[in-house]
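Note on naming: letters A, B, ... go to the chains in the order of the sequence lines (proteins, then strands), and numbering restarts at 1 for each one. The structure presented is a predicted model; accordingly, all values stated were derived computationally and were not measured.
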Number of protein chains: 2
Amino acid sequence: MKFQPPKGCRDFYPAEMRLREWLFERWRRTSIRNGFEEYDGPIFESLDLYRAKSGDQIVSELFHFVDRGNREFALRPEMTPTLARMVAARAPSMPKPIRWFSMPRLCRAERPQRGRLREFFQWNVDVIGEDQPIADAECIFVMIDFLRDVGLTPDQVVLKINSRHLVVAILQSAGFAEEQMTPVLAALDKRDRLSADAFAEHVGGLGIDARQRETLIHLGDAAGPDGLERVGKLAGNSSDARQALATLTEVFALLTSMGVAEYCTFEMSVVRGLAYYTGVVFEAFGRGGLQRAICGGGRYDRLVSDLGGPPMGGVGFATSDVVMLDVLDEFNLLPDAAEPRGLFVIDAGPDCFDRVLRLTGELRRRNHPAIYSYKRQPLSKQIKQAVGRRAARVIIVEEPDATAERVAVKDLDTGVQRSILVESLLADPFQALEDGP
Amino acid sequence: MKFQPPKGCRDFYPAEMRLREWLFERWRRTSIRNGFEEYDGPIFESLDLYRAKSGDQIVSELFHFVDRGNREFALRPEMTPTLARMVAARAPSMPKPIRWFSMPRLCRAERPQRGRLREFFQWNVDVIGEDQPIADAECIFVMIDFLRDVGLTPDQVVLKINSRHLVVAILQSAGFAEEQMTPVLAALDKRDRLSADAFAEHVGGLGIDARQRETLIHLGDAAGPDGLERVGKLAGNSSDARQALATLTEVFALLTSMGVAEYCTFEMSVVRGLAYYTGVVFEAFGRGGLQRAICGGGRYDRLVSDLGGPPMGGVGFATSDVVMLDVLDEFNLLPDAAEPRGLFVIDAGPDCFDRVLRLTGELRRRNHPAIYSYKRQPLSKQIKQAVGRRAARVIIVEEPDATAERVAVKDLDTGVQRSILVESLLADPFQALEDGP
């Protein structure tokens, strides 16, 4: 019987695994140099945890099951509920702000399609317990620090930044009622995928009065360098809007000081998912052919308290391995995923094989990657096998005597071969050949 | 509402996560230097994959669920079925031997108890497509290479090595029938937890004749340096037993050449799980207070073909993070899990904060871990915060001028403080202070 991986899930053969590890390593080193600490939780959580955050309708989007005690669990579809649960459990004893990152494996019961799998990985970065705009700016900086690290330029990717608080305050001061917010924000969210005319038509269909329509169209157009100034006029006398505008302006000033302004732009139509965010929101947008958000985040205020913790604000973002590898591929920024090149130890005759085994063991013990042929065969065949495994150097054991002081080392790229002291080889097998005998 | 992690699952707060990452990094570097390549598969597989390998009775030990299309899946309880499925799918196109490792997250619907969790991680190492004893020896070497790497000595841990093939051949030649194998192997497996008398009594209850009892008691006692010789006598004229003995003897000879004989011993009572292994079997046994197997493996012949692939033998082992961290803790070999020590950038006054942000950004961009205080506060308070975060150095920005060439750098351990060129600092912030101004 032949088996397949489940639909929408991936097998990671060594080539794909190296690419995944390369991305994880970039996520991890960016997080650590920015002062964030890694955490993780279980792959499944109580189903009630997700109900508490997202309501009953989330259940159909989850893989869920019961244990023998009939307790309901679900595979985690996102990391934030776990994060909030863990912070809530220890909040009083942890120094603030809490600066954590994670690279969770997540599962969603979706119909698989391009860029949406049933199993994927995310990079999550969060600052919790700090309400000042510096935390928002720091999160955005971390995202840019990663994008820059993998070689994405401001021509290829842009950080679109906005404030949900600001949008809502302006809409309120323009007379929008509470129950209009959801459809109006959803309309605004579509702005960047529509032409100005198409957006105006869409807004016309919302059943709002002419002045409200005009406000909404102005908001949709407010973007780019002078956008904040134009929004300042829309804010009028609303103190909520003025305050949100001041926060957003400070975030941009901080990002300028941090040296990453060239990646950042203001765009009022960026409002991100609906129920979750309360303040500054942002997304990294790929400017290539795919034209899509590759990373999104923002400030949330009620999450920790909703899951049993004290009231603590936070700000964070997430991106997935699927979309990130797609965008890097689009811009030809994926690394060569070939196996790293090591050493291949060869016997000049079967009586030297004992020494091959001992020398290989000694090399490995010193953390030098080294392999040998499982078959006893002529030297030329062993070299061929070494070339097949893309070895950088072959080490040829020519004397069976365990006390022999030397072996031959050959660079498979240059063809240079020298007799080298075993002692020098063990100390640094790559340098040994350069240093000469 | 307050939520807990599911019973038998762990939250990894940063301190636990650093320990986990430390262990993973040791597993990974040992694998890579031994020439193994990493792979991974989905966290859930078709339930039929596990039924195919282990029969229907496995289902109750799994967390399983259906998707909207009513397809049955299960969280993976072990990695081997996934490995066999992946190898089976591509076997003809892959160069042999296949030398792969993985560090999967696994889930089992068990009642949680000490050393047995519902969610844990494993290190899996396998060589597939090589039938010679060198592959068995290599797997055992990899395990020892890891044990040595984390500081476990031959006094603390021993590799018990045996051959299922040899045991079965001797039992057959002693007249044991096929249907007696399962209870007799199970009895032998208990040998090392019983005294000689208790074992003899246990064997007496098996309903076998006096000659068979004697053979079994001899097998149970066959261990240590002269064990193989004693077994040679039991093997008699059975050609199967002679062949198995020759293979096992060669494995020991290879391990001696590899320089790890001091970790290895022969023990006839090590038979490992019942249905799975066909040849050499082995386990690493912790000699401390816990007295238990910490890692086990062996040769399997039918796994790949059972799951739809060509007939290919393999040999491999697995160990878990839970048992490995327990044993390292027992021998005081766990590393200090404190956060790595980085840089803390401080302003000598609020007007210097802009430069703090810019300099921090530049340090991070060069992959130097650097943080700063989110609050503008007196220098002494910022230093206190740096000490709280265990920073190694503080960098004090004393001039607001963006073109200023110098900053002060202070070693928080020695108290040494010097004025340093920003340029030298960025090149190597740790060396800069040693080099002087």
Check: B/R10 versus chain A, heavy atoms under 4.5 Å apart: side chain, backbone, both or neither?
Finding: backbone
Next item on the list: Give the minimum heavy-atom separation between A/F3 and B/L307, together with the two atoms involved.
Entry: CE1-CD2, 3.9 Å
Notebook entry, point to check: Is it the side chain or the backbone of A/Y372 that comes within 4.5 Å of chain B heavy atoms, both, or neither?
Noted result: side chain
Next item on the list: Tell me, out of B/I43, B/T30, B/L343, who's got the most heavy-atom pairs with chain A below 4.5 Å.
Entry: B/I43
Check: Excluding sequence neighbours, so at least two apart, what forms salt bridge (charged side-chain N to carboxylate O under 4.0 Å, His left out) with A/R85?
Finding: A/E45, B/D11
Margin query: If I take atom OG from residue A/S257 and atom CG from residue B/L359, how far apart are they, to the nearest 0.5 angstrom?
Written below: 12.5 Å
Margin query: Looking at every non-hydrogen atom in both residues, tell me the closest pair between A/G35 and B/I371 and how far apart they are.
Written below: CA-CG2, 3.4 Å
Check: Most heavy-atom pairs under 4.5 angstrom with chain B, which of A/I144, A/N367, A/D145, A/D354?
Finding: A/N367
Note to self: Taking atom CZ as the centre, does A/R71 end up with more than 12 heavy-atom neighbours from other residues, nucleotides or ligands that are less than 6.0 angstrom away?
What the structure shows: yes
Note to self: Between A/L75, A/I32, A/T360, who has the most heavy-atom pairs with chain B when the cutoff is under 4.5 Å?
What the structure shows: A/L75
Checklist line | Whether over 12 other heavy atoms sit under 6.0 Å from A/K375 NZ | finding: no
Check: Relative to chain A, which segment of B/L254 carries a heavy atom at a distance below 4.5 Å: side chain, backbone, both, or neither?
Finding: both
Notebook entry, point to check: When you look at A/K96 and B/Y374, which way does the side-chain contact (heavy atoms from CB on, under 4.5 Å) test go after all the steps?
Noted result: CA-CA 10 Å; A/K96 321 289 175 300; B/Y374 282 175; over 6 Å; no
Check: Of the backbone (N, CA, C, O) and the side chain (C-beta and beyond), which part of B/P95 lies under 4.5 Å from a heavy atom of chain A, both, or neither?
Finding: neither
Checklist line | Interchain contact, A/E38 with chain B, by part (heavy-atom threshold 4.5 Å) | finding: both
Notebook entry, point to check: Is A/E119 close to B/P42 at the side-chain level, that is, under 4.5 Å between some pair of heavy atoms?
Noted result: yes
Notebook entry, point to check: Between A/E25 and B/R28, is there a salt bridge with N-O shorter than 4.0 Å?
Noted result: no
Notebook entry, point to check: Where does A/E110 contact chain B at under 4.5 Å (heavy atoms): side chain, backbone, both or neither?
Noted result: backbone
Margin query: Please classify the contact between B/A135 and chain A as side chain, backbone, both or neither, with a heavy-atom cut-off of under 4.5 Å.
Written below: both
Margin query: Is B/T256 in contact with chain A via its backbone, its side chain, both, or neither, using a 4.5 Å heavy-atom distance?
Written below: backbone
Next item on the list: Select, from A/P5, A/G342, A/G361, the one with the greatest count of heavy-atom pairs under 4.5 Å involving chain B.
Entry: A/P5
Check: Relative to chain A, which segment of B/R366 carries a heavy atom at a distance below 4.5 Å: side chain, backbone, both, or neither?
Finding: neither
Next item on the list: For chain B, find which of A/L49, A/N34, A/V127, A/L363 contributes the most heavy-atom pairs closer than 4.5 angstrom.
Entry: A/N34
Item checked: Residue A/F44 versus chain B: region with a heavy atom under 4.5 Å -> both
Check: Is a salt bridge present between B/R105 and A/D40, judged by a nitrogen-to-oxygen distance below 4.0 Å?
Finding: yes
Notebook entry, point to check: Among B/R90, B/M94, B/Q132, B/R358, which residue forms the greatest number of heavy-atom pairs with chain A at distances under 4.5 Å?
Noted result: B/R90
Note to self: Heavy-atom cut-off 4.5 Å, strictly under: side chain, backbone, both or neither for B/S60 against chain A?
What the structure shows: backbone
Next item on the list: Using heavy atoms and a sub-4.5 Å threshold, report which of residues 12-21 of chain A line up against chain B, by residue number.
Entry: A/F12, A/Y13, A/P14, A/M17, A/R18, A/R20, A/E21
Margin query: Using heavy-atom distances under 4.5 Å, tell me whether B/R355 contacts chain A through its side chain, its backbone, both, or neither.
Written below: neither
Notebook entry, point to check: With only heavy atoms counted, which part of A/V356 is less than 4.5 Å from chain B, the side chain, the backbone, both or neither?
Noted result: neither
Notebook entry, point to check: Do you know which of B/H64, B/E362, B/Q4 has the most heavy-atom pairs under 4.5 Å to chain A?
Noted result: B/Q4
Next item on the list: Kindly indicate whether the side chain of B/R365, heavy atoms from C-beta on, has any atom under 4.5 Å from the side chain of A/R148.
Entry: yes
Next item on the list: Please look at B/D149 and chain A and tell me whether the side chain, the backbone, both or neither of the residue comes under 4.5 angstrom of a heavy atom of that chain.
Entry: neither
Checklist line | Most chain A-contacting option - heavy-atom pairs closer than 4.5 Å, from B/R68, B/E130, B/R29, B/E138 | finding: B/E138
Notebook entry, point to check: Using a cut-off of under 4.5 Å for heavy-atom pairs, which of B/P81, B/G41, B/A402 has the most such pairs with chain A?
Noted result: B/G41
Margin query: Between B/F141 and chain A, with a heavy-atom cut-off of 4.5 Å, which part of the residue counts as in contact: side chain, backbone, both or neither?
Written below: side chain
Next item on the list: Taking B/R33 for its side chain and A/H368 for its backbone only, find out whether a donor-acceptor pair lies under 3.5 Å.
Entry: no
Notebook entry, point to check: Is the B/F73 ring parallel, tilted or perpendicular to the A/F63 ring (thresholds 30°, 60°)?
Noted result: perpendicular
Margin query: Restricting to side-chain contact (heavy atoms from CB on, under 4.5 Å), what partner residues turn up for A/E72, sequence neighbours left out?
Written below: A/L47, A/R51, A/V66
Check: Would a 4.5 Å heavy-atom cut-off, applied to side chains only, mark A/I134 and B/L357 as touching?
Finding: yes
Check: Which heavy atom of B/P6 sits nearest a heavy atom of A/S46, and at what distance?
Finding: CG-N, 4.2 Å
Next item on the list: Go through B/R99, B/K7, B/R389 and name the one with the most non-hydrogen pairs under 4.5 angstrom from chain A.
Entry: B/R99
Notebook entry, point to check: Are A/D67 and B/R118 within salt-bridge range, i.e. N to O under 4.0 Å?
Noted result: yes
Next item on the list: Answer with side chain, backbone, both or neither: which region of B/V260 has an atom nearer than 4.5 Å to a non-hydrogen atom of chain A?
Entry: neither
Item checked: A/P97 portion near chain B, given a 4.5 angstrom heavy-atom threshold -> side chain
Check: Under the side-chain contact (heavy atoms from CB on, under 4.5 Å) test, which residues partner B/D131, sequence neighbours left out?
Finding: B/R299
